[in-house]
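In what follows, every chain begins at residue 1, and chains take the letters A, B, ... in the order their sequences are listed. Please read all numbers here as calculations on a predicted model, not as lab measurements.
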Amino acid sequence: MSLQRFLQTAVSEWMNGEGPDSDIVFSSRVRLARNLRNHPFPLLATDTEADQVVQEVEQVVRSEEFQNLGRYELLKLDNLSALEKKVFVEKHLISPHLANESRNGAVVLSENEAVSIMINEEDHLRIQCLFPGFQLMETWKMADKIDDLFENSLDIAFDEKHGFLTSCPTNVGTGIRASVMMHLPALVMTQQITRILNAINQIGLVVRGIYGEGSEVAGNLFQISNQITLGHSEEEIIENLYGVTKQIIEHERAARRSLLEHNKLQFEDRLCRSYGILANARIMESKEAATRLSDLRLAVDLGLITGFSAHIINELMVLIQPGFLQMYSGKELTPEQRDARRAKLIRERLSAALES
Amino acid sequence: MICQECGQKPATIHFTKIVNGEKTEFHLCETCAGEKGDMFSSPSNFTINHLLSGLLNFNGAGTSIGGPSTEKPLRCETCGLTYSQFSKSGRFGCVDCYTSFAGRLDPLLKRIHGNMEHSGKVPQRSGGKIKLKKELQELKLQLQQKVAREEFEQAAKLRDKIKQLEKEIAHS
């Protein structure tokens, strides 16, 4: 398969799309946890019960009202190969939990992959919307609309006092987890990041790696989300996250300006070295690739390196992951084969971008 | 020792797997161990739920921990989950667990969220039902009062209203 052709099928719209403040906020995400009243939660459900949930959800997805939103497709996890599951996780379309631990798990995907609805994850339904750039309110509105469509025909577990009932008490109430994925290289370089992250933790927000709970921070990408779901309205939760994100954007911009003003030569040298390595290396581990690509992205954003559009680097950040690399190669690869393949993919993509 | 997977870097992670009595040893470098991911996911998988189960087992100062309890374990009648199972996994089994464990829930929610009551979206369909249910409760209370005061004529009117409302709820 040619690289171009692979990219067309591999890249979700949110990676290409330009959005507000997309130089710093790569994506905005909202997920809602919902359960059907008359079925045990997935943890205790029998296979038959879990399958029933899938069928009930599928009926709604096939309804006319739902298809009016766009084309949606339901995929059962049991019908996907291990590699396909891995790629879905790398694209943030499903969680590692759904990929590895769910029984009768399924996912409903919109054509542009901005909406993914997980079935039989920890909760019966996890409605997730992922938009490019900084547009939390729009993302929430979309999730809200889909939630309404489900609620129209399914008996959703809700009680007056506790709100939407979820399998885990940390999600009860609104069931909402809103998050932004931020690229904060200048705050890391100027060592302000720890102070900022500590402050964030104190106001009810959490910072995670790019694959959510328990994952590591790579390539200066931070996922910031609300922790509290009970007692505040969805709008309050989103406005709170919005306000904090706005401030972090300002801090990141200020740090970038200060690096350019005070250490321009060293700063430029560091970023351009990373470019040199990306363009020439023959072996590239995923961690190093993430760091170098972060440098390149920053250089492009600041106009220090020209000729690339930012979305090529967004794309690469996703494509260099183990699952994608193996999918692209059409076979399983050993770690060292992957490192070589990764280096080659980056070289090819960068030189193709320069030629076009 | 060199990593058995890539054969390049020194092995820093040593790991023995025993499946059905068959022992396999792994000596990996950090990179390969990281990429093998799933095999080593358990120690790094320290999630919010582990923290949570700490909170759940916290009975408050002063309550005794020791001594076998003769009480029947607190259990959800619908799905059979016991409170002690819940406190281990941090996950409820079904919707009714929220009612079954209600007594223990408020302090827990307070610790997690700082709040105990929902103040966000109310779903349109089942939310409408909730309003009717509230009305029903109110009418039933009034009925009791009327009966107590022997105002039977008004009590009868209320009874009719309650029947009507119950029908509406059942049909919605």
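- Counted by atom type alone, Glu56(A) and His39(A) present one or more donor-acceptor pairs between their side chains at under 3.5 Å.
- For Phe41(A) and Phe92(B), the distance between ring centers is not under 6.0 angstrom.
- Below 30°, between 30° and 60°, or above 60°: for Phe158(A) and His118(B) the angle between ring planes is above 60°, a perpendicular geometry.
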**Request:** For side chain to side chain contact (heavy atoms under 4.5 Å, CB included), just list the numbers for Phe164(A) and Lys121(B), CA-CA rounded to whole Å, side-chain angles, deciding distance to a tenth of an Å, and then say yes or no.
**Result:** CA-CA 9 Å; Phe164(A) 291 99; Lys121(B) 181 172 178 173; 4.2 Å; yes

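- The residue among Leu109(B), Val95(B), Thr99(B) with the most heavy atom pairs within less than 4.5 Å of chain A is Val95(B).
- Note that the CZ atom of Arg338(A) and the CD atom of Glu285(A) stand 11.5 Å from one another [nearest 0.5 Å].
- Chain A forms the most heavy-atom pairs under 4.5 Å with one residue out of Cys97(B), Gly93(B), Gly114(B), Gly120(B), and that residue is Gly93(B).
- With a threshold of 4.5 angstrom between heavy atoms, Leu154(A) approaches chain B through N, CA, C or O but not through any side-chain atom.
- Contact annotation for Asp148(A): both backbone and side-chain heavy atoms come within less than 4.5 Å of a heavy atom of chain B.
- Other residues, nucleotides and ligands contribute more than 12 heavy atoms inside 6.0 Å of the CD atom of Gln145(B).
- Contact count versus chain B (heavy atoms, under 4.5 Å) is highest, among Val206(A), Ile237(A), Ile156(A), Thr166(A), for Thr166(A).
- Ranking Asp155(A), Asp144(A), Asn38(A) against chain B, the residue ahead of the rest is Asp144(A), based on heavy-atom pairs under 4.5 Å.
- Listed options Leu36(A), Leu165(A), Leu230(A) were ranked by heavy-atom pairs under 4.5 angstrom with chain B; first place goes to Leu230(A).
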